[in-house]
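A short worksheet on the structure shown next.
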Amino acid sequence: MRTRYSFYNFLVNLITSVILPILGFVKLSLFLGLYGSSVNGFQVTIAQIITFLNVCEIAYSLAFRQLLFKPLANNDREEVLKIYSGAKKIFNITGVLVISFSVVLSILFPFFAKSPFDYIQTMMVFLILALPYGVSYFLMGPNLVIIADQKEYKINIWIQTFSILRMIFMIVVILMKQSFFYTLIIEGLNILIANYIARKIAIKNYPWLKNVKISNDKTFLDNSKYTIIQRLSTLATNNTDNIVISMFLGYAMSGVYAVYSYLNEFVYKIVNSVISSTLNSFGNLFNDSRADSYKVFTEFFNFASFIGTIVSICIFTVMDQFIPIILKRQELNGIPFVIVLMFAINIFYLTIREPIIISRDANGLFRDAKNNAYFLALSKVVLSIILINFWGIAGVLAATLITNWVVDFLYNPKLVYKKVFNLNVQMYYKMVFSRVLIAVIIGFLSRLIWNNYILYIKASTINFLISCVILGTSISLIIFIIYIIMYCSFRNLIKRIIGLFKRHYNKELA
């Protein structure tokens, strides 16, 4: 039953991964044409600051779900209610704090950098974007229960639908040449409506959560303080680039960087969403003494590295043509090769690390990793500030690359292999470097072949899109064949997926 739920979660994410990028690039192209690069950089910078303001959302989600895996697997409703009642108090307090800090920061933010708007407008932009996140804390409790119980697809399908509608409404507003503030209102309403609908669905599935009284149980609080540290570390590593660039180079350069990184960030969010949809399955797996967790982990790792290799090679091959052609902004031509290379390396790493991070978090080892999280965050921020003064945007990317492949790569795999699998971490490093070697060889061959046909590819947008489809299909097929031949765990993964579809099909026939 739980495998079937994971299948539904995966399917929902996979379908939206096709629709959202198309709408996203249309929206970005129109946005830049109407409002300009400075406004884009301004909005992206606010969004990154708000991710820190809203740090508790994902941290609480992880802490709450990790506590619920075992009682939900054992159908222990009493334990679930105990944890939920204590968490509910923390959610409400956090909501009040986020709203309060949003107001304070909105007053101070206009002094951060030269804004394309006046003081009051700048303050209003910040509030419109930030306040809905504060309100969402009062709604999120039941949503996390249904997610931990692997029935996320029941609410995810609505959340993704609202994301698609949000993009469509924004495109309409921009086409009608309406005020930038209308796009902000759509963004805020999307967060509120999606959370409210998700809560209603969760309460319908778990009506016994509806009238739970708030308690002082500290089980959730003890768990969440560690996940907040990990979440802050992740944000410092992956969500400070535009803040640093705006501070040192201004909103205009931040807008240029936002365009460079849009393709990568959008793809990474989708890939991460698809891969992370299995988190709750892993949580239940590690609480089942009968399960061969390491075997499943290696299959999961092969899935992540397979996807990461395809995505990073495609980005490495087409990024410097993709952005100016798709966004129809020829002034963005000439993206330096080193920037394209570092974007590809970073997205490859962020994808292949997910199985390790999910295994760590599903087993509650985020507590053990708190000191590493401090070091990860500090090294990223310090390196960004130092290197941006020497290499500009490339320096910020280099800081991310160094932090990921040194601080993170040398710590988290060792922790998981020692405390979860009781195995030598060298096994993991060998798996990673064999996949890196494949990605490097195929990546450079792909770019070489692509550039040999560049005149045809750049002849028109249609030619370019057809070429991208051919490239993506070819790379996927080549990597699939290599993985099938070389890796037994990948073959086991394919067998597992085929078996899942067969069981699902047979169940439907029955």
Side-chain angles (χ1 to χ4, degrees), residues 37-38 40-53 55 105 108-115 228-265 268 312 315-316 319-320 323 332 334-353 357 369-414 436:
S37 182
S38 292
N40 185 46
F42 170 74
Q43 183 177 2
V44 171
T45 302
I46 292 179
Q48 287 201 339
I49 292 174
I50 290 173
T51 58
F52 284 90
L53 185 65
V55 64
L105 286 175
L108 300 175
F109 182 72
F111 301 106
F112 177 74
K114 186 178 180 181
S115 173
I228 291 174
I229 293 169
Q230 290 299 330
R231 179 59 181 158
L232 279 170
S233 172
T234 301
L235 291 179
T237 306
N238 301 320
N239 291 79
T240 55
D241 292 353
N242 281 94
I243 297 173
V244 173
I245 292 170
S246 294
M247 184 183 299
F248 287 89
L249 304 178
Y251 287 128
M253 284 304 297
S254 179
V256 171
Y257 177 82
V259 175
Y260 285 173
S261 62
Y262 188 83
L263 170 63
N264 303 273
E265 289 179 0
Y268 171 68
S312 59
I315 285 175
F316 176 66
M319 180 180 170
D320 41 359
I323 290 175
L332 296 172
I335 302 174
F337 172 79
V338 67
I339 288 180
V340 175
L341 178 62
M342 285 192 287
F343 268 125
I345 293 172
N346 286 337
I347 198 168
F348 177 80
Y349 181 79
L350 290 174
T351 307
I352 65 165
R353 83 189 283 263
I357 298 304
K370 65 179 187 300
N371 290 332
N372 178 259
Y374 294 137
F375 186 47
L376 194 68
L378 183 63
S379 59
K380 160 63 179 179
V381 173
V382 171
L383 281 172
S384 292
I385 292 172
I386 293 172
L387 296 181
I388 194 174
N389 288 292
F390 291 96
W391 300 323
I393 288 175
V396 175
L397 287 169
T400 303
L401 189 149
I402 294 168
T403 304
N404 283 336
W405 284 97
V406 177
V407 181
D408 185 76
F409 187 60
L410 295 179
Y411 182 82
N412 281 308
K414 184 177 179 181
V436 169

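A quick note: this is a predicted structure, and the numbers were derived from the prediction, not measured. Note: hydrogens, waters and symmetry copies are ignored here, and every other heavy atom, side chains too, is used.
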Query - side chain to side chain contact (heavy atoms under 4.5 Å, CB included) evaluation trace for L397 with Y257 - result: CA-CA 10 Å; L397 287 169; Y257 177 82; 3.6 Å; yes
Report task. Considering non-hydrogen atoms only, spot the tightest contact between T403 and S379 and give its length. Result ->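 Smallest heavy-atom distance, with atoms named: CG2-OG, 3.5 Å.
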Requested in this report: Locate the shortest heavy-atom distance separating L387 from G395; write the atom from each residue and the value.
Outcome: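 Closest approach of L387 to G395: CB-O, 3.5 Å.
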Could you measure the distance from the [atom1] atom of [X] to the [atom2] atom of [Y]? Nearest 0.5 Å is fine.
| X | Y | atom1 | atom2 | value |
| --- | --- | --- | --- | --- |
| W405 | N346 | CH2 | CG | 9.5 Å |
| N371 | L376 | CG | CG | 12.5 Å |
| N404 | R353 | CG | CZ | 6.5 Å |
| L105 | I49 | CG | CD1 | 7.5 Å |

Requested in this report: Examine the side chains of N242 and S254 and answer whether a donor and an acceptor come within less than 3.5 Å of each other.
Outcome: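 Checked: N242/S254 side chains pair up, N/O donor to acceptor below 3.5 Å.
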**Report entry** No-hydrogen, no-angle side-chain donor-acceptor test under 3.5 Å, N412 and D408
**Finding:**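 Distance-only check passes for N412 and D408.
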Query raised in the report: Does the Y251 side chain pair with the main chain of T45, one donor and one acceptor, at a distance under 3.5 Å?
Result: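 Answer holds: no.
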Report task. Could you tell me whether a side-chain N or O of T351 sits under 3.5 Å from a main-chain N or O of I347, the two making a donor and an acceptor? Result ->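 Checked: pair present.
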Query raised in the report: Under 4.5 Å between any side-chain heavy atoms of I243 and F52, yes or no?
Result: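 Heavy-atom side-chain distance check passes, below 4.5 Å.
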Query raised in the report: Going through the distances and angles, do D241 and K380 end up as a side chain to side chain contact (heavy atoms under 4.5 Å, CB included)?
Result: CA-CA 10 Å; D241 292 353; K380 160 63 179 179; 2.8 Å; yes
Requested in this report: On the 0 to 90° scale, with breaks at 30° and 60°, tag the F409-Y349 ring pair as parallel, tilted or perpendicular.
Outcome: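 Ring orientation, 0 to 90° scale: perpendicular.
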Query raised in the report: In a check of ring pair (Phe, Tyr, Trp, His ring centres under 6.0 Å) between F316 and each of F337, F343, F348, which one passes?
Result: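 The single option meeting the ring pair (Phe, Tyr, Trp, His ring centres under 6.0 Å) with F316 is F337.
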